[in-house]
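Notes for the one structure printed next.
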Amino acid sequence: MKHSVNRPPTPDGAEDQGNEPTLQEIINIKLIESGEKESLMELLRERLIECGWKDEMKALCRSYVKKKGRNNVTVDDLVHLITPKGRASVPDFVKAELLQRIRSFLMSAAL
């Protein structure tokens, strides 16, 4: 990088090559543009409610708040507590169904 007192650093030519979107970014863009991402999110919400995952996470939050006291808990505290447990407890059949839907989308989009 070239530095100057009056302006921000100018990137070198080699660094500009990283502007190409990754495959993951391209897939995400296609999912959003087609509306499939919202459809997948809705399917995920439905499946997590059906299998009781949402109620389980709600119960974990409530017990934590009850233990710590309502005035001593922030949303960030709950997010840090629940995120690892929530991700680990998503049932495999839900993950498999979503993965299959994503694969079908990618095949139909010919990516």
Would you give me the side-chain donor-acceptor pairs under 3.5 Å for residues 35-44, sequence neighbours excluded?
| residue | atom | partner | partner atom | Å |
| --- | --- | --- | --- | --- |
| E36 | OE2 | R101 | NH2 | 3.2 |
| K37 | NZ | N28 | OD1 | 3.0 |
| S39 | OG | R101 | NH2 | 3.0 |
| E42 | OE1 | R45 | NH1 | 3.1 |

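- By the neighbour-count criterion of 12 heavy atoms within 6.0 Å, atom NZ of K95 is densely surrounded, having more than that number from other residues, nucleotides or ligands.
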With a cut-off of 3.5 Å and sequence neighbours excluded, list every side-chain donor-acceptor pair involving residues 51-61.
| residue | atom | partner | partner atom | Å |
| --- | --- | --- | --- | --- |
| W53 | NE1 | G86 | O | 3.1 |
| W53 | NE1 | S89 | OG | 3.1 |

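- Looking at residues two or more places apart in sequence or on another chain, you find no salt bridge (Lys or Arg N to Asp or Glu O under 4.0 Å) involving E46.
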Working for side chain to side chain contact (heavy atoms under 4.5 Å, CB included), residues V65 and L78: CA-CA 8 Å; V65 169; L78 290 174; 4.1 Å; yes

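- Atoms CD and CD, from E25 and E20 in turn, are 10.5 Å apart once rounded to the nearest 0.5 Å.
- In this structure, Q100 CD and L98 CG are separated by 10.5 Å, a value rounded to the nearest 0.5 Å.
- Although no hydrogens or angles enter the test, the distance criterion places no donor-acceptor pair under 3.5 Å between the side chain of D77 and the main chain of V73.
- Although no hydrogens or angles enter the test, the distance criterion places no donor-acceptor pair under 3.5 Å between the side chain of E97 and the main chain of V94.
- Under the 4.5 Å side-chain contact rule for hydrophobic residues, I26 and L99 do not share a cluster.
- For the atom pair S108 OG and L106 CG, the distance stands at 7.5 Å (nearest 0.5 Å).
- Side-chain atoms of S34 come within 3.5 Å of backbone atoms of L31 as a donor-acceptor pair (strictly under, hydrogens ignored).
- The distance from atom NE2 of H80 to atom OH of Y64, rounded to the nearest 0.5 Å, is 10.5 Å.
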